[in-house]
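Here's the structure we're looking at; comments come further down.
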Amino acid sequence: MANLERANFGSKLGIILATAGSAVGLGNVWRFPYMAGQNGGAVFIIIYVACVLLLGIPCMISEFIIGRHGQANTARAFRKLGGRTPWSLIGYMGVLTGFLITGYYAVVSGWCLQYILASLIGHLHGDPDYFKAYFAELSSDPVKPVLWTIIILTITYLIVENGVRNGIERASKLLMPTLFILLLIIVAASCMLPGASQGIKFLFHPDSSKITSDVFLAALGQAFYSLSIAMGCICTYASYFSRQTNLTRSAIQIGLIDSMVAILAGLMIFPAAFSVGVNPDSGPSLIFITLPNVFQQAFASMPVVGYCISLIF
């Protein structure tokens, strides 16, 4: 009887946007650009897209099948499937992975809120040394990161507490289109900068000499990470899918959305970075140290535009 009363998503669009919202996130906007920068740009992207299509989407379909069949959380769904065999432990491992990722995901999301506040009150301006010192001070502060992490977790709780349709699905229908609009605004501004063509070439002109086993493994890891494979959330979301949901079509659509956001993130970052002569393989600090300075330099002649782009970013 409990299975019959289990909530479902209200629409196909809600399923796509909510599940894509689980996959699309810091892995695309934060991790993908610096991984692409460190691993050859276009070559990394080609291998990444191939891994998404050939491995990521089939794995997502598998998780969809397990979740919808189990009609339960990830741990219980695998236990229903595997009984008392060691296979049932896979579900618990997925839940553990989700908890471990949340340990830093919430912190990095909190940094983003701090940067939004700093942009609004006009604190994010200065030379490269200023941005480096600002991030070092923030990340080592004993109070601010904890406070922002609590705020992020509270917002997340309030959304989830409202349920599948009124919480997760409603938030996804608002936030996912907003994300695309903001990305497109920054991409348009970034690609119109002088010298932006070098950044576009870096992203879409493959250099076969860059292909190595390390690049392949990095692209494979990024594909699984950005799609949220084996983290428990995809399987749990699928437990709220109706029996009429086409799992294969949904997985393909989510994979395409995920890849498109990652490529858009590259298009908003690398043209601007090349425009001001910044090395694209700056690592995780690319987002919080390098890029605020990049946007400030790139739009130095239009400070208001630079301020707006920095805030949107």
Side-chain angles (χ1 to χ4, degrees), residues 23-60 108 128 131-132 179-180 183-229 252 254-299 309 313:
V24 172
L26 291 177
N28 303 78
V29 179
W30 172 54
R31 193 172 187 269
F32 179 87
Y34 82 76
M35 290 293 290
Q38 291 175 337
N39 292 281
V43 165
F44 176 86
I45 292 175
I46 291 172
I47 299 175
Y48 164 80
V49 172
C51 288
V52 168
L53 295 175
L54 299 178
L55 297 172
I57 290 176
C59 287
M60 182 177 286
V108 177
F131 287 103
K132 186 175 181 179
L179 171 66
F180 274 103
L183 280 173
L184 290 173
I185 291 173
I186 303 178
V187 167
S190 181
C191 289
M192 289 190 294
L193 291 170
S197 60
Q198 292 299 314
I200 297 173
K201 181 179 179 181
F202 176 79
L203 280 175
F204 298 114
H205 190 272
D207 181 358
S208 58
S209 66
K210 300 287 187 179
I211 300 176
T212 66
S213 58
D214 290 339
V215 171
F216 177 83
L217 289 175
L220 177 62
Q222 176 63 23
F224 275 66
Y225 181 87
S226 66
L227 289 173
S228 298
I229 300 297
I252 292 173
I254 293 163
L256 291 176
I257 291 173
D258 183 77
S259 300
M260 184 167 59
V261 170
I263 293 171
L264 283 175
L267 277 173
M268 77 175 179
I269 289 173
F270 290 114
F274 275 84
S275 176
V276 295
V278 172
N279 192 343
D281 62 352
S282 300
S285 63
L286 182 71
I287 299 296
F288 295 102
I289 297 175
T290 307
L291 285 174
N293 181 55
V294 164
F295 289 127
Q296 181 172 286
Q297 290 185 48
F299 297 96
I309 293 298
F313 173 74

For residues [X] and [Y], determine if any side-chain heavy atom of one lies less than 4.5 Å from a side-chain heavy atom of the other.
X: Met260; Y: Phe180; value: yes
X: Leu267; Y: Phe204; value: yes
X: Met60; Y: Leu227; value: yes
X: Leu54; Y: Pro58; value: no
X: Phe274; Y: Ile200; value: no

Worksheet entry | Those residues that, when tested against Ser226, pass side-chain hydrogen bond (donor to acceptor under 3.5 Å, both in side chains) (two or more places apart) | Tyr48, Asp258
For [X] and [Y], work out which heavy atoms get closest and say how close.
X: Val43; Y: Asp207; value: CG2-O, 3.0 Å
X: Gly255; Y: Val52; value: O-CG1, 4.1 Å
X: Ala196; Y: Ser190; value: CB-O, 3.5 Å
X: Pro33; Y: Phe270; value: O-CZ, 2.9 Å
X: Cys51; Y: Phe216; value: SG-CE1, 4.3 Å
X: Ala218; Y: Met35; value: CB-CE, 3.6 Å

Item to complete: Measure the spacing between CD1 of Ile45 and OG of Ser259 and express it to the nearest 0.5 Å.
Response: 10.5 Å
Worksheet, complete the sentence: Rounding to 0.5 Å, atoms CD1 (Ile57) and CG (Leu256) come to a distance of 6.0 Å
Item to complete: Tell me, with the steps shown, if Tyr225 and Phe32 meet ring pair (Phe, Tyr, Trp, His ring centres under 6.0 Å).
Response: CA-CA 10 Å; Tyr225 181 87; Phe32 179 87; over 10 Å; no
Worksheet item: Do the side-chain N and O atoms of Asp214 and Thr212 include a donor-acceptor pair separated by under 3.5 angstrom?
Response: no
Discussion item. Under the criterion side-chain contact (heavy atoms from CB on, under 4.5 Å), I'd like the reasoning laid out for Lys210 against Asn39: C-alpha separation, chi angles, the key distance, then a yes or no.
Written reply: CA-CA 7 Å; Lys210 300 287 187 179; Asn39 292 281; over 6 Å; no
